[in-house]
Asks: 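Sharing a structure here in structure tokens format.
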2 protein chains.
Amino acid sequence: MTEPLNTGLLLFLPYRALEARVFAGLAAAGFDDLTPAQARVFQRVAPGGSRTTALAEQAGITKQSAGFLVDQLERAGYVERVPDPADGRARLVRVAERGARSVEVSRGIVAEVEAEWEAHLGARRMAQLRRLLADLREITDPWR
Amino acid sequence: MTEPLNTGLLLFLPYRALEARVFAGLAAAGFDDLTPAQARVFQRVAPGGSRTTALAEQAGITKQSAGFLVDQLERAGYVERVPDPADGRARLVRVAERGARSVEVSRGIVAEVEAEWEAHLGARRMAQLRRLLADLREITDPWR
DNA sequence: ACGAGATGGTAAGAGACTCTGACGAGATTG
DNA sequence: CAATCTCGTCAGAGTCTCTTACCATCTCGT
């Protein structure tokens, strides 16, 4: 892992840069109580709601940790839990009102950063990058 | 951050896949005492040695946390600390013997994964991807 | 139907990781 | 030489994650 520049580090650097920008922007917009760990779970809540177990798998943590973080997100008003009509054991985690507002803000920041990247790379190469990453996802993302 | 596929998530997925492979391989090779946090610091130790403060900056953590992790890495034999001849306050963190062996192993695993990616994308597009990421690094990596 | 096993979720406790604030020792600048 | 900066450490607290264990509910085979 110590050679000049392996592909992993090359992937990680822009990811972290983007994440940092989103956090700074959210904090500036009043969403300053969101921690990185909470955000990584919140980010994966599907439009129709997600089960805690599904969130845990996709975030790469145990369901206990996911439950812990969802508790905090619920207390802070980012998500709400409703019973899952399809399964009496399960509850669906859904984006709540405050969460939806934070999504709006972060969406704007992501668009801003992506615009900067596009300005640096050029529109054609930016599209190329996205296409390459999407292709790579086929063999690196266990969830589709 | 909740839309179907922002570029950040696209970057993160292959990164995590690679990291997971390296960890599994290291553990299988007997380096099973290395934690993710330790590895993220260890990964950034420069060939000639690095100062704790520099490692902290590059890993995006405080110098206290970095010192804590270097302590563990030292105890486990991955790194050693030597006085910095250029600065009496500082000590240089260098890769130790066991650390060097782990680097060899992880280098092999990274090469293996990159070969799989190349097989999936094709040699030309893999090179394209690396070039694009290297370009992106210019505006997302504060350290060069 | 009904029992066995799988699955969604929670609880308790411990350990790992990180932060803020404060500090000493050495370097740098004027 | 004095003021200031930088490297690193210590102390304490908070956050995040894990393992182990458990209950409730669903699913499947008989």
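Residue numbers start from 1 in every chain, and the chains themselves are labelled A, B, ... in the order their sequence lines are given, proteins ahead of strands. Values below: all heavy atoms of this structure, side chains included; hydrogens, waters and symmetry mates excluded.
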Asks: Pick from R89(A), R91(A), R51(A), R94(A): which one makes a salt bridge (charged side-chain N to carboxylate O under 4.0 Å, His left out) with D84(A)?
Replies: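 So the option named by the test is R51(A).
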Asks: Take the protein atom CZ of R81(B) and the nucleotide atom C1' of dC7(D), then report the distance between them rounded to whole Å.
Replies: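 It is 12 Å, rounded to the nearest whole Å.
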Asks: Counting only side-chain heavy atoms from C-beta out, which of dG8(D), dG9(C), dT18(C) sits nearest to T53(A)?
Replies: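 For the T53(A) side chain, the nearest candidate turns out to be dG9(C).
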Asks: So how far is it from L11(B) CG to F12(A) CZ, rounded to the nearest 0.5 Å?
Replies: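 These two atoms lie 11.0 Å from each other.
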Asks: Rounded to the nearest Å, what distance is computed from the CZ atom of residue R51(A) to the C1' atom of nucleotide dT10(C)?
Replies: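 Computing the R51(A):CZ to dT10(C):C1' distance gives 16 Å.
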Asks: For nucleotides 14-17 of chain C, tabulate all protein N/O to nucleotide N/O atom pairs closer than 3.5 Å, reporting atom names and distance.
Replies:
| unit_1 | atom_1 | unit_2 | atom_2 | d |
| --- | --- | --- | --- | --- |
| dC17(C) | OP1 | T35(B) | OG1 | 2.4 |
| dC17(C) | OP2 | Q72(B) | OE1 | 3.4 |

Asks: Is the shortest distance from a Lys or Arg side-chain nitrogen in E104(A) or R107(A) to a carboxylate oxygen in the other one below 4.0 Å?
Replies: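 Looking at E104(A) and R107(A), the cut-off is met.
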Asks: Going from OG1 on T35(B) to CG on L69(B), what distance comes out if it is rounded to the nearest 0.5 angstrom?
Replies: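 Atom-to-atom, T35(B):OG1 and L69(B):CG are 6.5 Å apart.
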Asks: Rounded to whole angstroms, how far apart are CG on D84(B) and P on dC7(D)?
Replies: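 Answer to the nearest Å: 10 Å.
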Asks: If you define the side chain from C-beta out and look only at heavy atoms, does anything of S106(B) sit under 4.5 Å from F31(B)?
Replies: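 Counting from C-beta outward, S106(B) and F31(B) never come under 4.5 Å.
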Asks: Once you round to the nearest 0.5 Å, how far does OH of Y15(A) lie from CG of L136(B)?
Replies: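 Between Y15(A) OH and L136(B) CG, I get 15.0 Å after rounding to 0.5 Å.
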Asks: Rounding to a whole Å, what distance do you find between Q58(B):CD and dC7(D):P?
Replies: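 It works out to 13 Å between those atoms.
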Asks: Base, sugar-phosphate, or nothing: which does R40(A) touch, judged by heavy atoms less than 4.0 Å apart?
Replies: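 Nothing, no heavy atom under 4.0 Å.
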Asks: Round to the nearest Å and state the distance from I61(A) atom CD1 to dT19(D) atom P.
Replies: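 After rounding, the gap between these two atoms is 12 Å.
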Asks: If the sugar-phosphate is the primed atoms plus P, OP1 and OP2 and the base is the rest, what is the B/S/- string for nucleotides 20-27 of chain D, using protein heavy atoms under 4.0 Å?
Replies: BB--BBS-
Asks: Give, for atom CG of D135(A) and atom CH2 of W117(B), the distance between the pair rounded to the nearest 0.5 Å.
Replies: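 Going from the CG atom of D135(A) to the CH2 atom of W117(B) covers 13.0 Å.
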Asks: To the closest 0.5 Å, what do you measure between CD (E118(B)) and CZ (R130(B))?
Replies: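 Between E118(B) CD and R130(B) CZ, I get 9.5 Å after rounding to 0.5 Å.
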Asks: CD/Q43(A) to CG/L34(A) distance, rounded to the nearest 0.5 angstrom?
Replies: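 Reported to 0.5 Å precision, the distance equals 10.0 Å.
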Asks: Closer than 4.0 angstrom, basic N to acidic O: yes or no for R21(B) and E116(B)?
Replies: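 Judged by the 4.0 Å cut-off on N to carboxylate O distance, R21(B) and E116(B) do form a salt bridge.
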Asks: Both S50(B) and A66(A) contact DNA chain D. Which one's nearest nucleotide lies toward the 5' end?
Replies: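 Result of the comparison: S50(B).
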Asks: Please give the angle, rounded to 10 degrees, between the axes at the start and the end of the helix from dA1(C)-dT30(D) to dG30(C)-dC1(D), where five pairs define each axis.
Replies: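 Inter-axis angle at the ends, rounded: 40°.
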Asks: OP1, OP2 of dC19(C) versus side-chain N and O of T62(B): anything below 4.0 Å?
Replies: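 Answer yes for this pair, as a side-chain N or O of T62(B) is under 4.0 Å from OP1 or OP2.
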Asks: Indicate, with yes or no, if V95(A) and L92(A) share a hydrophobic cluster defined by side-chain heavy-atom contacts under 4.5 Å among Ile, Leu, Val, Met, Phe, Trp and Tyr.
Replies: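 Different clusters: L92(A) never reaches V95(A) through Ile, Leu, Val, Met, Phe, Trp or Tyr contacts under 4.5 Å.
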